[in-house]
Amino acid sequence: MRFPTKPSRTITTLRLSPTLELPPDTTIRRVAEQSCLALLQSCNSFNKLTQIQTLILKLGLRNNPLVLTKFASTSSELDAIHYASSFVFSSDADIRVFDTFLFNTVIRAYAQTGDSKDKAVYSYRTMLDYGVFPNKFTYPFVLKSCAGLARLNLGKSVHASVVKFGFDDDLHVQNTMIHMYCCCDEGVESARKVFDESPKLDSVTWSAMIGGYARLGHSADAIALFREMQVKGVHPDEITMVSVLSACTNLGALELGKWIESYVKREKLQQPVELCNALVDMFAKCGDVDKAMKLFRQMNDRTIVSWTSVIVGLAMHGRGEEAVSLFEEMIEAGVTPDDVAFIGLLSACSHSGLVETGRYYFNTMVKKFSIMPKIEHYGCMVDLLSRAGLVKEALDFVQQMPIEPNQIIWRSIITACHARGELKLGESITKRLIRNEPMHGSNYVLLSNIYAKLLHWEKKTKVREMMDMKGMKKVPGSTMIELNNEMYEFVAGDKSHHQYREIYEMVDEMGREMKRAGYVPTTSQVLLDIDEEDKEDSLNRHSEKLAIAFALINTAPGTPIRFVKNLRVCEDCHSATKFISKIYNREIVVRDRNRFHHFKNGLCSCGDFW
DNA sequence: TTAGGGTTAG
């Protein structure tokens, strides 16, 4: 909320006399009090607020709770509220007689403003210290601030006072509590507990929990809960759909995503811009970027999020030039890019090898749009240079950065070293990373990969032992695939699926056909110190190959195959998938950790550049 | 005189 733009007549005629003194007559005092309240009622600028403050001091109303309360609640603008609240709290008045509303106003102002969430919580604690009782309106503000701060213990302590003051049966408070827990990394169980114990549940409760699951990466639980919601007969609304769509996006569940789209149409749900954005994002990230683009073109209202979603979508599919031209179109349409849009644009340049374009936009961002580059922007630039094979330039760039490079940045360079055969350089950077962060598992994996490529098996074994000793594990690679609206997950060597025998037979057949077509296994990818034949066997049991075999068995010839990998696709699987796309005449769309690969007729859209 | 769940990157 902002001040009204139209100036108020009452205030513009205000004149302050430096010699004004009020006689100690109560009637006159009351008139003064009423006048102040009226002035505050029509106060419309920060400047006038300070004038009224002077008047309050002059009229001797410094400790009048009614006036002070009104003063503090005049505006929702942060500067004004901050100013007013410090004036109020520094008064000699007995704060205990202040209304709860005053504190709620202050807490709300802080809760709704960017970086002031901690002040909201502080004001809430001040409220308790002064013995002013919170009410049912206080907690949604406080819990929202805890959500923004994402501090679980803080949230738990507020939860305890909610119970203590008896507001835990209020539906609004319950729902905000679920939301709060869902904003904390380790909060999902506490959220579910509140959800399960709620005597009343409405669509907001369900949406909060579904959205929370999706946000915290428990997307399968999000979808399961959505199904439960339908079974219980609770009607989802458009906000529920946004949450479910975000879970579909995470999982790569295109079929379910399409179902949501038709549900929205069938049930004639409202389609606010957030829902359209979620649909665009879902289609782009589930592999159908053309459909995402089509929806984007049909939208009447577009926010920066809409533009960014589709730019990022194109970037992920390696369509960097289109992403760049869309960015230009956005600027022409009068939408000012923000820091996130630039991350999307720079990553588009990076995935498509547009080195000069990326450099140009990095400079434009700083010079023309005055956006201070964050670590992510530097990360994109380092990635851009590294992927293009400019390892030395990337290192120079890192040395000139005004901020400390993070893990992600070093890892880009190390990956580039690995790909370009600069193994010695890669080794020395990785060793330094391990010295700095000895408990970060992925550093050891990087070093181990480099030794594998150098064929230094002894050193590799040592790295492995070191990881075992420290109790660290490599994140296992997994592949998810959707079939008949169900998601199936495969890990390497997986035998949990009931069709596993058929799947392995198919894998063997694929191997024979591929070899006949000229495929040579990339055995240096295998990180185990075993002989070549076993290495080949181990490659054939990668989760991607199991998923492809599963899809070949269970889908009609010619049906496109789509799946999602949790890690970057490995060199051998990339090469094998190209062969498979040709041999079995299938379009195969793979989303890996970073981007999409569209395999068709023996070629990949990434041009072997990823 | 005040209140709850939603979209982009990392």
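So you know, we letter chains A, B, ... as the sequences are listed, proteins then strands, and number each from 1.
- Closest to the side chain of Val340(A), from the set dT8(B), dG5(B), dA3(B), is dT8(B).
- Look at His377(A) and you won't find any side-chain N or O under 4.0 angstrom from OP1 or OP2 of dG10(B).
- Among the protein residues, Leu143(A) comes within range of no part of the nucleic acid, since none of its heavy atoms lies under 4.0 Å from any strand.
- Residue contacts shown for Lys144(A) are limited to sugar-phosphate atoms, with no base heavy atom under 4.0 Å away.
- With respect to Arg266(A) and Glu261(A), no salt bridge is recorded, no charged nitrogen being found less than 4.0 Å from a carboxylate O.
- The CE-P distance, from Met372(A) to dA9(B), rounds to 23 Å in whole Å.
- No engagement by Thr100(A) is indicated, since no non-hydrogen atom pair under 4.0 Å with the nucleic acid exists.
- Partner of Tyr124(A) under the ring pair (Phe, Tyr, Trp, His ring centres under 6.0 Å) criterion, out of Phe133(A), Tyr139(A), Tyr110(A): Tyr139(A) alone.
- Within 4.0 Å of Ser347(A), counting heavy atoms only, lies no atom of the nucleic acid at all.
- Salt-bridge annotation for Glu186(A) and Arg151(A): absent, with no side-chain N of the basic residue lying under 4.0 Å from a carboxylate O of the acidic one.
- The closest donor-acceptor contact from the side chain of Ser352(A) to the backbone of Cys349(A) lies at 3.5 Å or more, if one exists at all.
- As a whole-Å value, the separation of Phe195(A) CZ from dG5(B) P is 16 Å.
- Listed by residue number, the members of residues 271-305 of chain A with any heavy atom below 4.0 angstrom from DNA chain B are Pro272(A), Glu274(A), Asn277(A), Asp281(A), Lys285(A), Val305(A).
- The distance between atom CZ of Phe103(A) and atom C1' of dT1(B), rounded to the nearest whole Å, is 16 Å.
- Regarding contacts with the backbone of dT7(B), every side-chain N or O of Arg215(A) stays at 4.0 angstrom or more from both OP1 and OP2.
- Both tests do not hold together for Lys136(A) against Phe167(A): distance to the six-membered ring centre under 6.0 Å, angle to the ring axis within 45°.
- Atom OH in Tyr181(A) sits about 16 Å away from atom P in dG5(B), given to the nearest Å.
- Atom CG of Leu225(A) is separated from atom P of dG6(B) by 15 Å (rounded to the nearest Å).
- In this structure, of dT1(B), dG5(B), dA3(B), it is dA3(B) that holds the atom nearest to the side chain of His172(A).
- Nearest nucleotide to the Thr308(A) side chain, out of dA3(B), dT1(B), dT8(B): dT8(B).
- Residue Asp99(A) has its side chain nearest to dT1(B) when only dT1(B), dG5(B), dT2(B) are considered.
- Within 4.0 Å (heavy atoms only), Asp237(A) reaches at least one base atom of the nucleic acid.
- At the heavy-atom level, Asp170(A) lies under 4.0 Å from base atoms of the strands shown.
- Outside the 6.0 Å centre-distance limit, the rings of Phe137(A) and His172(A) are not counted as a close aromatic pair.
- Across the protein-nucleic acid pair, Leu245(A) atom CG and dT7(B) atom C1' stand 10 Å apart, rounded to whole Å.
- Under a 4.0 Å N-O distance rule, the pair Arg319(A)/Asp290(A) qualifies as a salt bridge.
- Rounded to whole angstrom, the span from the CG atom of Asn250(A) across to the P atom of dT8(B) amounts to 8 Å.
- One atom, CE of Met330(A), and another, C1' of dA9(B), lie 13 Å apart when rounded to the nearest Å.
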